[in-house]
Amino acid sequence: DAKKMLSEKRYIHCKNVMKRAVELAKIYGIDDNKAMLAGFAHDIAKEMTAKEAFEYVKKYNLKIDEIEEKCPRLLHAKIGAHIAKVEYNFIDEMCTSIAVHTTAKANMSIMDKILFMADSTGEDRKWPDVPYVRELAEKDIDAAILYMLDLNIKDMIDAKELIHPDSILARNFLIES
């Protein structure tokens with residue numbers, strides 16, 4: 001299904017996230033099969049147009065917030081989680097990790113953390129600090145998430161983009177933990 005729904009580039013990205021999620025799952029002692037499936041499926045809805053995403057949200061009565069309404073690129077996470085649940089019978093833990101893989105959230109589970117970091121540090125990611133963050137994620141996943149959130153938030157500020165409150169709450173939670 002993924003091969004039909006995604007471009008070759010996105011399909012390769014999903015395979016890389018899957019591989020990285022398995023690596024991190026083994027380090028952090030969680031079920032690597034669950035991490036593998038969540039990693040592979042995380043961007044299943046990424047290439048929907050804004051129109052298609054809003055139609056999907058309406059059809060399935062998914063709750064979205066004001067920021068998601070204004071930034072439809074964020075919707076792929078919630079839609080992907082819904083698809084994983086209804087079409088592939090993923091368990092809630094896996095669906096939640098897919099739902100928060102873009103924004104993060106406060107008090108993430110280890111599965112949430114692994115998928116968030118796998119998406120940021122898969123083999124196809126080439127941004128300057130990725131080798132450092134890959135290594136950090138293997139030693140202290142919370143520190144790696146905080147690093148990524150800081151970097152992402154700075155980039156959004158520089159681009160004058162809206163920042164989802166869940167990202168700020170996730171950052172604050174990690175700082176206070």
Side-chain angles (χ1 to χ4, degrees), residues 1-21 34-109 111-127 145 148-171 173:
D1 288 349
K3 213 158 178 58
K4 288 183 258 175
M5 296 173 74
L6 301 172
S7 66
E8 184 66 18
K9 180 180 178 185
R10 182 68 46 199
Y11 181 77
I12 290 168
H13 169 69
C14 288
K15 284 175 51 177
N16 285 323
V17 172
M18 173 185 74
K19 179 180 172 191
R20 182 69 176 148
K34 291 177 187 174
M36 175 191 71
L37 291 169
F40 187 68
H42 81 286
D43 270 353
I44 198 77
K46 180 75 172 184
E47 294 179 333
M48 282 184 168
T49 65
K51 182 178 187 252
E52 291 168 333
F54 285 122
E55 287 171 357
Y56 189 97
V57 164
K58 185 176 180 181
K59 178 178 180 180
Y60 292 101
N61 199 30
L62 302 183
K63 288 185 172 58
I64 64 172
D65 59 40
E66 180 182 332
I67 302 298
E68 292 164 329
E69 183 79 35
K70 293 176 181 176
C71 302
R73 70 183 181 284
L74 295 174
L75 293 175
H76 81 278
K78 278 187 180 172
I79 294 170
H82 187 262
I83 291 170
K85 180 76 170 175
V86 300
E87 293 190 28
Y88 303 109
N89 298 312
F90 280 26
I91 63 171
D92 289 343
E93 175 187 28
M94 296 159 65
C95 294
T96 300
S97 70
I98 293 169
V100 303
H101 84 271
T102 302
T103 60
K105 70 172 187 166
N107 199 22
M108 291 193 293
S109 73
M111 176 72 82
D112 300 341
K113 293 174 182 183
I114 284 170
L115 186 54
F116 183 84
M117 288 312 305
D119 188 33
S120 301
T121 62
E123 214 175 279
D124 57 317
R125 299 297 193 191
K126 305 293 183 200
W127 46 278
I145 292 167
M148 285 307 308
L149 287 168
D150 284 350
L151 187 66
N152 292 344
I153 290 168
K154 285 177 192 171
D155 287 348
M156 287 184 273
I157 289 169
D158 290 345
K160 300 204 181 323
E161 293 179 4
L162 295 173
I163 300 168
H164 198 282
D166 285 350
S167 298
I168 295 166
L169 293 171
R171 182 182 185 277
F173 183 88

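As a basis for the values below, the full set of heavy atoms in this structure was taken, side chains included, without hydrogen atoms, waters or symmetry mates. Note that the structure is predicted; figures quoted are calculated from it, not measured.
- Within the 4.5 Å cutoff, the side chain of Lys3 has heavy atoms near those of the Glu8 side chain.
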side-chain contact (heavy atoms from CB on, under 4.5 Å) evaluation trace for Cys14 with His42: CA-CA 7 Å; Cys14 288; His42 81 286; 4.0 Å; yes

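- Note that CG of Leu74 is 8.0 Å distant from CG of Asp65, once rounded to the nearest 0.5 Å.
- A distance of 9.5 Å separates CZ in Arg125 from CG in Asn16, rounded to the nearest 0.5 Å.
- Between Ala77 and Ala99, the closest heavy-atom pair is CB-O, 3.3 Å.
- Geometrically, Lys85 does not engage Phe90 in a cation-pi contact, judged by NZ or CZ lying under 6.0 Å from the ring centre and within 45° of the ring axis.
- Of all non-hydrogen atoms in Ala35 and Ala21, the two that sit nearest each other are O-CB, 3.5 Å.
- No donor-acceptor distance shorter than 3.5 angstrom exists from the side chain of Thr96 to the backbone of Glu93, with no hydrogens or angles considered.
- A salt bridge links Lys70 with Glu66: the distance from a Lys NZ or Arg NE/NH1/NH2 to an Asp or Glu carboxylate oxygen falls below 4.0 Å.
- A distance of 9.5 Å separates CG in Asp155 from CH2 in Trp127, rounded to the nearest 0.5 Å.
- At a threshold of 4.0 Å, the pair Arg73-Glu161 counts as salt-bridged, since one of the basic side-chain nitrogens sits closer than that to a carboxylate oxygen.
- Between the NE2 atom of His82 and the CG atom of Asn61 there is a distance of 9.5 Å, given to the nearest 0.5 Å.
- Looking at heavy atoms from C-beta onward, Lys78 lies out of side-chain contact with Val57 at the 4.5 angstrom threshold.
- Summarising the geometry, atom CG belonging to Leu162 is positioned 4.5 Å from atom SG belonging to Cys71; distances are rounded to the nearest 0.5 Å.
- Pro165 is not listed as a side-chain neighbour of Ile168, based on a closest heavy-atom distance of 4.5 Å or more.
- Checked options Lys105, Glu68, Met156; the residue passing with His164 is Glu68 (criterion: side chain to side chain contact (heavy atoms under 4.5 Å, CB included)).
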Trace of the side-chain contact (heavy atoms from CB on, under 4.5 Å) decision for Leu75 with Ile64: CA-CA 8 Å; Leu75 293 175; Ile64 64 172; 3.4 Å; yes

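- Of all heavy-atom pairs between Ala45 and Ile83, the closest is CB-CD1, 4.3 Å.
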Stepwise side-chain contact (heavy atoms from CB on, under 4.5 Å) check, Met48 with His76: CA-CA 7 Å; Met48 282 184 168; His76 81 278; over 6 Å; no

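- Aromatic pair Tyr88/Phe40: centroids not less than 6.0 angstrom apart.
- In terms of heavy-atom proximity, Ile153 sits nearest to Ile163 at CG2-CD1, 3.8 Å.
- In this structure the side chain of Arg20 never reaches within 4.5 angstrom of the side chain of Glu123, judged on heavy atoms.
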Ile79/Tyr60 under side-chain contact (heavy atoms from CB on, under 4.5 Å): CA gap, chis, key distance, verdict: CA-CA 9 Å; Ile79 294 170; Tyr60 292 101; over 6 Å; no

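- One side chain, Glu47 or Ser7, offers a donor N or O that lies under 3.5 Å from an acceptor on the other.
- When all heavy atoms of Ile44 and Gly80 are compared, the pair lying nearest together is CG2-CA, 3.7 Å.
- His101 has its ring centre no less than 6.0 Å from the ring centre of Phe116.
- For the pair Tyr11/Met5, no side-chain contact is recorded, criterion being any heavy-atom separation below 4.5 Å from C-beta on.
- The two residues Ile98 and Ala41 have their closest heavy-atom pair at CD1-CB, 4.2 Å.
- We find the OG-CG distance between Ser167 and Asp150 to be 11.0 Å, quoted to the nearest 0.5 Å.
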